[in-house]
Protein chains: 4
Amino acid sequence: MSKRKDILKATLDLIHEEGLQSVTFSKIFKKANVGSGTVFNYFSSKEELVNEVYREARIHMGEALLEGYDSSLGLYERFKQLQMNRLKFGMQSPKEYLFIDSYSYSPYISPELRHMEDHSLEVFNSVLAEGQKQGLIRPIDPRLCYQIINGVISSILKGYFVQKYPLDEQQIQQTLEASWKAISL
Amino acid sequence: MSKRKDILKATLDLIHEEGLQSVTFSKIFKKANVGSGTVFNYFSSKEELVNEVYREARIHMGEALLEGYDSSLGLYERFKQLQMNRLKFGMQSPKEYLFIDSYSYSPYISPELRHMEDHSLEVFNSVLAEGQKQGLIRPIDPRLCYQIINGVISSILKGYFVQKYPLDEQQIQQTLEASWKAISL
Amino acid sequence: MSKRKDILKATLDLIHEEGLQSVTFSKIFKKANVGSGTVFNYFSSKEELVNEVYREARIHMGEALLEGYDSSLGLYERFKQLQMNRLKFGMQSPKEYLFIDSYSYSPYISPELRHMEDHSLEVFNSVLAEGQKQGLIRPIDPRLCYQIINGVISSILKGYFVQKYPLDEQQIQQTLEASWKAISL
Amino acid sequence: MSKRKDILKATLDLIHEEGLQSVTFSKIFKKANVGSGTVFNYFSSKEELVNEVYREARIHMGEALLEGYDSSLGLYERFKQLQMNRLKFGMQSPKEYLFIDSYSYSPYISPELRHMEDHSLEVFNSVLAEGQKQGLIRPIDPRLCYQIINGVISSILKGYFVQKYPLDEQQIQQTLEASWKAISL
DNA sequence: CATGAATGAGAATTCATTCAT
DNA sequence: AATGAATGAATTCTCATTCAT
């Protein structure tokens, strides 16, 4: 693995373990096993490094959300696939998921990055729009709609992360169903 | 206003504006208009100060959530009241709401505080339990259930905060309804 | 003596002893006997500190140049007084003199400072102008004229500083005379 | 041009533009368009590199000062030739001239280099000595004498470099004359 | 209580230098 | 020779905290 990747990984790990406010370069050097100067060959400052971690996490999540997505399936199937993908991504990549969830609205992340191109978002919106046209989904502002279903997954995952409860197959199904019921007619 | 309150307010404002990781005492002194030594007459360290901000925000929110709550009302009425209170609190006190939402799981906040007594939580749980007994709410793990309805409000508020959309009366109603549909039978 | 003065003095001493390129904050702290943070309460960066050293040296020299200057004296007397003052200042304050001489044209010193108000310069120019009007001084561009007489003193002092020769009364007189002859008719 | 020359040139340029204290290898690499390792094939350290720049500048100046010097000419002619050469060298090679002028007494330049063989100095001294013997030049300590005439040129050049004034033929003549009058009887 | 100058541990960053290719 | 990624010692600078007034 390249030094660059070592550094990005160590940074994400540290953010997850101790919170962004206590991540220092010194901790990053040690965790990534690189010399102190090395980081600065790749990232000109801590802010840039953290933003790059964010960018890569967003790309990773964007891909995961669309995995196995089949536009020829029925609307509800597609909805469930997308939601399931999000839930699974959160369960499998808790560090990335939490980092994105926590810092998407932080001033530390540059606005350009926050609004980076995101194909999965377009797919989500097209599903919601189609559902509303078909009369399956309630006629709510699509952005509101998106926040609702996203919020259900996000909140469930956070409870899971702090071990409030396990997330077995049944509870996963209940969660997906809840997010569907929340917006469907 | 007392110096103590000046300091707490300045701290919350700064956390909101720049994120906890960029809040320094020096910034707090200036914003609160107090001498640098003054803070230490009230708070023994930065961690204690931030935790106190958290504690007061939690107390404030706890009261707001139960405002006008009437246990003699019907179950759905009570549910709506609680959810409306949460949404309204978020809209009226965005700094406190966001701070609580963002840092409740941060290592910077002491575990005791995180689990501080919270009457509103008990009330929520009793409503959910009663709803499940009455067959109005689906038989899901109550903690899951709580996360779901909480997650809807939280997510809607975050979109509102970044001005994705306004929150007028109609959209508020849609949000509350969505949170109810998500868990009701 | 105030900490601020301690720092300025230590900085000037170090520049004189080792040259600007090897002056570090760490050396300044030790020499000035102050904590490392203290410097930054007074000067926001090394550049600012060095510029302040320059500014104070210029003020000091400006005062010294005009010491005992009497506008009612004859022209040659006044010329000699000014030149003597410069020579004496250099001999008595070699660190300040050399620093000004070496860095007045350095990019490290801000242009505003380089062109700071300087009453002594005006006095010099008025003496030169008057001398030219009276036909005592050759009609050369006054700025050229100023550089010539200044250059004689400066160069003599540098030789003196590296102990090429002593500067006793006779040599001082010869120097002053040389600078006069250089521009007089 | 060889890499070695590229490096020496880039170094001199940087010293001129930003001052020795701000010259870093990284800047040299970029300006000279060589890889970072390349410098160390030619110079074992930064100090050695800078000293080599100094040495070459001194050699260059030494040659320029004696250009067209004809020992069979009259004394004043020879004096003027030498002074003119110095002035012309400064005007044509401001970077080298200023570097020599500024750093000849810096601890960064090795003492051996500072006192390197310099035929032009001997020539100067012989002219001054002869002038004194002939009663054309005042009987001043020859080192003082040398500093005086050198100082006039140096100072005039510095004013010219910061564009205080142009140096056209008339002003050049005035400068040479001034340096002669300063020491002549 | 209120203040702010002083502090020094430690964090961010620079930069000369090495070394494998 | 030429390169440039990697290094870590040295440097600049920050910031929570103390303490005398």
Side-chain angles (χ1 to χ4, degrees), chain A residues 2-4 6-7 14 21-30 32-50, chain B residues 2-4 6-7 11 21-30 32-50, chain C residues 2-4 6-7 21-30 32-50, chain D residues 2-4 6-7 11 14 21-30 32-50:
Chain A
S2 76
K3 296 274 168 185
R4 189 174 182 281
D6 290 344
I7 293 164
L14 281 166
Q21 72 285 141
S22 47
V23 174
T24 67
F25 270 129
S26 150
K27 288 174 184 171
I28 294 172
F29 305 149
K30 275 162 205 153
N33 251 308
V34 300
S36 63
T38 305
V39 173
F40 297 94
N41 292 333
Y42 293 103
F43 309 99
S44 66
S45 73
K46 195 163 137 187
E47 193 146 349
E48 190 184 308
L49 166 56
V50 171
Chain B
S2 76
K3 296 272 168 185
R4 188 175 184 280
D6 288 344
I7 293 164
T11 305
Q21 72 286 141
S22 334
V23 174
T24 67
F25 266 137
S26 157
K27 288 175 184 171
I28 294 173
F29 304 149
K30 271 162 210 150
N33 252 308
V34 299
S36 64
T38 306
V39 173
F40 296 92
N41 292 331
Y42 296 105
F43 309 99
S44 68
S45 75
K46 190 166 146 187
E47 195 147 349
E48 190 182 307
L49 165 56
V50 171
Chain C
S2 76
K3 297 273 168 187
R4 188 173 182 282
D6 290 344
I7 293 164
Q21 73 282 143
S22 48
V23 174
T24 67
F25 270 129
S26 152
K27 289 173 184 171
I28 294 173
F29 305 149
K30 274 163 207 152
N33 250 309
V34 300
S36 64
T38 305
V39 173
F40 298 94
N41 292 332
Y42 294 103
F43 310 99
S44 67
S45 72
K46 195 163 136 186
E47 192 146 351
E48 191 184 308
L49 166 56
V50 171
Chain D
S2 77
K3 296 272 169 188
R4 188 174 183 281
D6 289 343
I7 294 165
T11 305
L14 281 166
Q21 73 285 140
S22 331
V23 173
T24 66
F25 267 135
S26 156
K27 289 174 183 171
I28 294 173
F29 304 148
K30 271 164 210 151
N33 252 309
V34 300
S36 63
T38 305
V39 174
F40 296 92
N41 292 331
Y42 296 103
F43 309 98
S44 69
S45 74
K46 192 168 145 185
E47 195 146 349
E48 190 184 308
L49 165 57
V50 171

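Just so we're on the same page: letters track the sequence lines, and every chain starts at 1.
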* Given side chains that start at C-beta, do those of A:Asp6 and A:Thr38 come closer than 4.5 Å, heavy atoms only? -> no
* Look at the side chain of D:Ser36 and the base of E:dA16, then say whether one donor and one acceptor between them are separated by less than 3.5 Å. => no
* Starting at the 5' end of DNA chain F and moving along, which residue's nearest nucleotide shows up first, A:Val39 or B:Ser44? -> A:Val39
* Structure fact -> Contacts of B:Val23 and A:Gly37 projected onto DNA chain F by closest heavy atom; the upstream (5') one is A:Gly37
Which nucleotide in the set [options] lies at the smallest distance from any side-chain heavy atom of [X]?
{"X": "B:Lys3", "options": "E:dT13, F:dT7, E:dT3", "value": "E:dT3"}
{"X": "B:Phe40", "options": "F:dT18, E:dA12, F:dT3", "value": "F:dT18"}
{"X": "D:Thr38", "options": "E:dC1, F:dC13, F:dT3", "value": "F:dT3"}
{"X": "A:Lys46", "options": "F:dA16, E:dT13, E:dT17", "value": "E:dT13"}

* Would you say a side-chain N or O of D:Lys27 is under 4.0 Å from OP1 or OP2 of E:dC15? -> no
* OP1 or OP2 of F:dA5 under 4.0 Å from side-chain N/O of A:Tyr42 -> no
* Asked: Which nucleotide, in any strand shown, forms a Watson-Crick or G-U wobble pair with E:dA9, with both distances under 3.5 Å?
  -> F:dT14
* To do: Sort out the partner of F:dA1 for me: Watson-Crick or G-U wobble, both distances under 3.5 Å, none otherwise.
  => none
* Asked: Can A:Val50 and A:Val23 be said to form a side chain to side chain contact (heavy atoms under 4.5 Å, CB included), step by step?
  -> CA-CA 10 Å; A:Val50 171; A:Val23 174; over 6 Å; no
* To do: Give the rounded distance in Å between these two atoms: CD of B:Gln21 and P of E:dA11.
  => 16 Å
* Ring-ring centroid check C:Phe43 C:Phe25, cutoff 6.0 Å -> no
* Applying the side chain to side chain contact (heavy atoms under 4.5 Å, CB included) test to A:Ile7, which of A:Asn41, A:Asn33, A:Val34 qualifies? -> A:Val34
* How far, in whole Å, is F:dT21 from E:dC1 if one measures between their C1' atoms? -> 13 Å
